[in-house]
Amino acid sequence: MIRERYPTLVEDSSQANSAVLILDQTRLPREAVMRRLASLEDAAHAIRVMQVRGAPLIGATAAYGVALGLRDDESDARLAQAIEELSVTRPTAVNLHWALARMRRALQGAALATRREQAWQEARAIAAEDRAANAAIGQHGLSLIAALHADLRSGIACPPAPLFGKGGRERPAEGEPKSYPPSPLSGKGGDDVRQAAPGVVNVMTHCNAGRLATVEHGTALAPVYAAHAAGLPVHVWVSETRPRNQGLLTAWELAEVGVPHTLIVDNAAGLLLMRGMVDLVLVGADRIAANGDVANKVGTYLKALAARAHGVPFYVAAPLSTIDHSCASGAAIPIEERAAEELDAGDVAVSNPAFDLTPAALISGIISERGIAGAGELKQWVP
Ligand code: MRU
């Protein structure tokens, strides 16, 4: 069944520079509802309550929020107030602060008479750049999936990795056996898994870093879409991602284009990695520190640890706007604590951090619109 494709964020074409329409993600996957944002307050609310979510989409929505804020008053005071009101909606996703700083730079020197028009133009440019960056991420990440597919097709089995240390997808050294016994821990892994689905690249992801988290294409899912479009067989293990279940958003959008996927509870990831049923872990990011530490949805760190334990490559996909070069390491990244009610646990003490930190040492590489770099090599991407 061909489903109507709802844009995540689009300008209201019924009246220029008047409003934007968003796909309300609090109603997905049950129903697709487009919501009209016509004021600064609408935009700030949509970010705060996660009608829009995902670092790049939060940034683009905030940029349009500034333009909406200048609707009746283009003064410096109003500009400052709009930026301030949006900047406190969510703390971790650096794209929010990146977009607001860019809007401030673009508008503070602008003549009042043209400031509103310039605000819409700048927000529009931010949205267009997000589309282009994610499309490029898709192509760079495609090379990873294609290489894995080629390995799998040529029967290069994945050696069961020791509990910790090197292993996984490395090519067997000269003289090393070309096929492997099952993992001593799980009795699985080795090359028996491959018989099941020769050549299919099993990608594991966490949260939603797909088109729903961006203006278009997604980040972590962009290589998956590029591979699917190129006819490469991919299958995605989709983590539910408690407590807001962004995994259901990921399943919804993968179904939209027919990418095979399987939903798992978050805690099942370790077993799948141990059993050699995952070839690649691909996640997004909310903020990447200068040293390569990554903040992403809570639960990402546990996947990175398990991936390392079982020698499975762990990549982070994110546009350059998600790299915070002013942030020396993960320790300096503010982690959002969200409401206890999200756990729906009744009268019990709750801690609900929305993000966690994955040290650069556990990351095989970072995929941006500029290519793929080691987590510790981000200086080359300093603007
Ligand atoms: O709380 P959310 O849903 O906004 O968290 C989103 C994530 O953690 C994403 O992985 C990240 O923002 C990257 S989106 C391309």
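The first residue of the sequence shown is numbered 1, and numbering continues consecutively from there. In listed order, ligands and their atoms are each counted from 1. Worth knowing before you read on, the calculation uses all heavy atoms, side chains too, and leaves out hydrogens, waters and symmetry mates.
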Which ligand 1 atoms are under 4.0 Å away from a heavy-atom of [X]?
| X | value |
| --- | --- |
| A213 | 14 (S), 15 (C) |
| F355 | 1 (O), 5 (O), 8 (O) |
| A285 | 11 (C), 12 (O), 13 (C) |
| C207 | 5 (O), 6 (C), 7 (C), 8 (O) |
| K297 | 1 (O), 2 (P), 5 (O), 8 (O) |

Heteroatom proximity flag, [X] to ligand 1, N/O under 3.5 Å:
| X | result |
| --- | --- |
| N296 | yes |
| Q246 | yes |
| M50 | no |
| A55 | yes |

| Is the closest side-chain heavy-atom distance between I288 and D293 below 4.5 Å? | no
| request: Considering only non-hydrogen protein atoms, determine which one is nearest to atom 15 (C) of ligand 1 and report residue, atom name and distance to 0.1 Å. | output: T219 OG1, 3.1 Å
| Heavy-atom nearest neighbour in the protein, as seen from atom 11 (C) of ligand 1, with distance rounded to 0.1 Å |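 For atom 11 (C) of ligand 1, the nearest protein heavy atom is D286 OD1, 3.2 Å.
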| Counting heavy atoms only, which part of A93 comes closer than 4.0 Å to ligand 1: side chain, backbone, both or neither? | neither
| query | Counting heavy atoms only, which part of R90 comes closer than 4.0 Å to ligand 1: side chain, backbone, both or neither? | reply | side chain
Using distance alone, with no hydrogens and no angle criterion, decide if [X] and [Y] have a side-chain donor and acceptor under 3.5 Å apart.
| X | Y | value |
| --- | --- | --- |
| S321 | N95 | yes |
| N208 | E253 | yes |
| R124 | Q121 | no |
| E122 | Y64 | no |
| K297 | S239 | no |
| T262 | H235 | yes |

| task | Would you mind telling me which of V33, L9, L28 makes a side-chain contact (heavy atoms from CB on, under 4.5 Å) with L23? | result |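 So, applying the side-chain contact (heavy atoms from CB on, under 4.5 Å) to L23 and each of V33, L9, L28, only L28 qualifies.
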| Does the pair L107 and Q118 meet the rule for a side-chain contact (heavy atoms from CB on, under 4.5 Å), with working shown? | CA-CA 7 Å; L107 300 174; Q118 272 186 264; 3.9 Å; yes
| Are A354 and ligand 1 in contact, using a heavy-atom cut-off of under 4.0 Å? |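 No, A354 has no heavy atoms under 4.0 Å from ligand 1.
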